[in-house]
A.B. asks: 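Following this message is one structure expressed as structure tokens.
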There are 2 protein chains.
Amino acid sequence: MIDIRQLRYFVAVAETLHFGRAAERLHVTQPPLSRQVAALEQELGVRLIERHSRRAVLTPAGARFLEDARQIIAALDRACRDARAWQSGDLGELTIGFMMHAAYSSVPLLTRRFATAHPDVTLHLRETLPMMLADGVMEGRFDAAIGFDPGTRRGLATSPLYREPLAAVVPSDHHLASASALTPDQLAGERFILSPADVTPTLRRAILGWLAAPPAILLETQLQQTIVSLVGEGLGVAIVPESLRRLAMTSVRFVPLIDAPMVEQLLMVRPDARNPALTHLRAIADSLQPA
Amino acid sequence: MIDIRQLRYFVAVAETLHFGRAAERLHVTQPPLSRQVAALEQELGVRLIERHSRRAVLTPAGARFLEDARQIIAALDRACRDARAWQSGDLGELTIGFMMHAAYSSVPLLTRRFATAHPDVTLHLRETLPMMLADGVMEGRFDAAIGFDPGTRRGLATSPLYREPLAAVVPSDHHLASASALTPDQLAGERFILSPADVTPTLRRAILGWLAAPPAILLETQLQQTIVSLVGEGLGVAIVPESLRRLAMTSVRFVPLIDAPMVEQLLMVRPDARNPALTHLRAIADSLQPA
DNA sequence: CCAATTTACGGCCCTCGTAAGCATT
DNA sequence: AATGCTTACGAGGGCCGTAAATTGG
């Protein structure tokens, strides 16, 4: 069977057109070189080199095969390098799922840092409903996920990624719109827009805990962006992560909360994950550690 | 050193995800297979396959390396096939030099037939002054050349390719323009345009042989097309191969000659030429043999 | 006669296959 | 207990290197 070594030997002879020099370059003696090249020609059934007494000449088929052999050798070397790079995590792909409003906070931070440090790792970013994040990681659709604590963390390893206060969001013509900071009492009696309990349990618990009395719930919707948009339409008020301010909607005002509860986005990873680039991602996440 | 066989073994395991089945497919027993894959991983320094009791799983690096390994194996197989095809002349390149006015006669005939019969051989056509053809072949710039007998055929093998009569070409307003056929006497006294003796000795000999008396030579130029063009400009008359008629110039008329001398285009090849596609070219040339 | 490659031959390493070991389900 | 991969070990083959033969200028 044809062997990479035979290709390397042939290339050396084809490049020097001299069996002696080629053998020297390969750190072998001439006889094995002659035999291997002859064996290669035999297996191919093609004469690659014409041997004359004082010189060797490539046949047309040999010239063509030289090109191919060079490319094959280069491809093999490259494949070996890539495999090592992949193993080290310097080369590869990472698929990251994240809840959509993380696009306004942790995702740009994390991906910018990561892409700069590891330019040869391709990032696949997948916006996802928060409830799908943990399952996506567990089932291997994502290498990592960014979201709030899913509560039922079935064996997921997590790193804190981004910590921020909650803030009230009210229509810009609301009577509280220009308040400097709000207490739970001031929001009593308002109609609230929330995301469902099964979608963001941690966030919802933080909101309801800060509000002493259970609020009147007008409606529920899954995405924080949608909540802010509905507030802008005058349908009610809401408490959302402060980073949603970056939506820059003119129809709403963000108002800080007195003793605002903090919410934390986590990077979720399977502890047995095999993608080496993940270690780099976790290192970056740890370096972003909120104070 | 990494070996093609190791790549083949690895691909088999990666595709079956089962060392036993892979060994069966490769017609070897498991132990060598395990060892070779382990050796490959060892040499790469990369874990490619995670062995679990009941199943094997590719690591990300392994998945990537599988793609590369497949491509390398395919490239090698293709290179072997190409080398054999090249040797047989079914694949390759042919560089053919030809005197320029052969573009109106033998070249289209020959190249059309050849390209149809051997579509994987790339033809490089090089228009050349007739005097450069034989040298070009001898010095290896052309695999073959098409032209008149160069006289001094220093070891060139030739095949007759295209045989045609000479014809007179006169300005369309010339008093002989509508003659049905001409004798040497009728052209006596005309001023002739010829190609130089060192450029087309055979052609010139045929012309001077047919004209009983030496003509008055107005001027000489190398290309037959130029000769026809100058005749069209009213500078004189000429005798050229009949196929030049295909120039379709309205300012000249071609008039047959009584007992017209025939000239023959030859395919010239070095007898020791190494390009296998040449045998196909010569076979086509022989099948075009003028009657 | 010299340069360069191929052929001859002995020693060694490497690989294969059989058989035993080991781990996981 | 059974499946499936790895390790152990002896036999065989292939490859390397030294040395001799061959080919061509």
Side-chain angles (χ1 to χ4, degrees), chain A residues 1-59 61-62 65-66 69 73 155 271-272 274, chain B residues 1-59 61-63 65-66 69 73 155 270-272 274:
Chain A
M1 194 52 53
I2 289 172
D3 187 349
I4 284 289
R5 180 187 41 175
Q6 293 177 332
L7 297 186
R8 291 189 195 276
Y9 281 15
F10 165 68
V11 169
V13 174
E15 287 181 348
T16 61
L17 292 177
H18 191 290
F19 280 74
R21 306 231 180 290
E24 192 174 353
R25 197 175 101 182
L26 295 167
H27 306 295
V28 294
T29 55
Q30 287 96 332
L33 183 58
S34 288
R35 276 192 304 257
Q36 292 297 335
V37 174
L40 176 61
E41 291 179 321
Q42 174 89 19
E43 285 169 312
L44 284 175
V46 174
R47 190 139 199 86
L48 300 173
I49 299 176
E50 287 185 1
R51 287 83 158 166
H52 298 89
S53 294
R54 297 286 170 173
R55 69 197 191 298
V57 185
L58 285 181
T59 64
F65 194 74
L66 172 61
I73 292 169
D272 62 341
R274 307 167 332 289
Chain B
M1 192 51 53
I2 289 172
D3 187 348
I4 284 289
R5 181 187 40 175
Q6 293 176 332
L7 297 187
R8 291 189 196 275
Y9 281 14
F10 165 68
V11 169
V13 174
E15 286 181 348
T16 60
L17 292 177
H18 190 291
F19 280 74
R21 306 231 180 292
E24 192 174 352
R25 196 175 103 180
L26 294 166
H27 306 295
V28 294
T29 55
Q30 285 98 334
L33 182 58
S34 287
R35 276 192 305 257
Q36 291 297 336
V37 173
L40 176 60
E41 290 179 322
Q42 174 89 19
E43 285 168 313
L44 283 176
V46 174
R47 191 139 200 84
L48 300 173
I49 299 175
E50 288 185 359
R51 286 84 157 166
H52 299 89
S53 293
R54 296 287 170 175
R55 70 199 190 299
V57 185
L58 284 181
T59 65
F65 194 73
L66 172 61
I73 292 169
R270 278 178 60 164
D272 62 341
R274 309 171 326 295

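All values derive from a computational prediction rather than experimental measurement. The sequence lines fix the lettering, A, B, ..., with proteins before strands; numbering per chain opens at 1.
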A.B. asks: Report the distance from atom CD of B:E50 to atom CZ of B:R55, rounding to the nearest 0.5 Å.
C.D. replies: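 Nearest 0.5 Å value for the CD-CZ distance: 8.5 Å.
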A.B. asks: Taking atom CZ as the centre, does A:R25 end up with more than 12 heavy-atom neighbours from other residues, nucleotides or ligands that are less than 6.0 angstrom away?
C.D. replies: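 Yes, the 6.0 Å shell around CZ holds more than 12 heavy atoms from other groups.
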A.B. asks: Are any side-chain N or O atoms of A:T59 and backbone N or O atoms of A:L48, one a donor and one an acceptor, separated by less than 3.5 Å?
C.D. replies: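 At least one qualifying donor-acceptor pair exists.
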A.B. asks: So which one's nearest nucleotide on DNA chain D is more toward 5', A:R55 or A:Y9?
C.D. replies: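 Nearest-nucleotide comparison on DNA chain D picks A:Y9.
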A.B. asks: Name every residue in residues 23-47 of chain A that has at least one heavy atom under 4.0 Å from any atom of DNA chain D, in order of residue number, or write none if there are no such residues.
C.D. replies: A:V28, A:T29, A:P31, A:P32, A:R35, A:Q36
A.B. asks: If you take any heavy atom closer than 4.0 Å to DNA chain D, which residues from residues 13-22 of chain B end up in contact?
C.D. replies: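 Heavy-atom cutoff 4.0 Å gives B:H18, B:F19, B:G20.
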A.B. asks: Please write out the pairs of protein N or O atoms and N or O atoms of nucleotides 20-23 of chain D separated by less than 3.5 Å, giving the distance to one decimal.
C.D. replies:
none

A.B. asks: Would you give the length of the straight line joining atom CD of A:E24 to atom CZ of A:F19, rounded to the nearest 0.5 angstrom?
C.D. replies: 15.0 Å
A.B. asks: Rounded to whole Å, please give me the gap between CE in B:M1 and P in C:dT15.
C.D. replies: 13 Å
A.B. asks: Could you please spell out the steps behind the side-chain contact (heavy atoms from CB on, under 4.5 Å) verdict for B:Y9 and B:V28?
C.D. replies: CA-CA 10 Å; B:Y9 281 14; B:V28 294; 3.6 Å; yes
A.B. asks: In whole angstroms, how far is the C1' atom of D:dT6 from the NE2 atom of B:H52?
C.D. replies: 16 Å
A.B. asks: Quick check: do A:L7 and A:I4 have side-chain heavy atoms less than 4.5 Å from each other?
C.D. replies: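 Of all side-chain heavy-atom pairs linking A:I4 with A:L7, at least one is under 4.5 Å.
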A.B. asks: How many whole angstroms separate atom CG of B:D3 from atom P of D:dG14?
C.D. replies: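 Checked: the CG to P distance equals 15 Å.
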A.B. asks: Strictly distance-based, threshold 3.5 Å: is any side-chain N or O of B:E41 a donor or acceptor partner for the main-chain N or O of B:I49?
C.D. replies: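 Checked: pair present.
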A.B. asks: A:L17 vs A:V57, test: side-chain contact (heavy atoms from CB on, under 4.5 Å). Steps then yes/no.
C.D. replies: CA-CA 7 Å; A:L17 292 177; A:V57 185; 5.8 Å; no
A.B. asks: With a 4.5 Å limit on heavy-atom distance, are the side chains of A:Q36 and A:R5 in contact?
C.D. replies: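 They are in contact (side-chain heavy atoms under 4.5 Å apart), so the answer is yes.
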A.B. asks: Would you name the heavy atoms of B:H18 and B:R21 that are closest together and state the gap between them?
C.D. replies: ND1-N, 2.9 Å
A.B. asks: So, for B:A63 and B:L58, which heavy atoms are closest and what is the spacing to 0.1 Å?
C.D. replies: CA-CD1, 4.0 Å
A.B. asks: Is the phosphate of C:dC14 approached by A:R5 (side-chain N or O, under 4.0 Å from OP1 or OP2)?
C.D. replies: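 So the side-chain polar atoms of A:R5 never come under 4.0 Å of the phosphate oxygens OP1 or OP2 of C:dC14.
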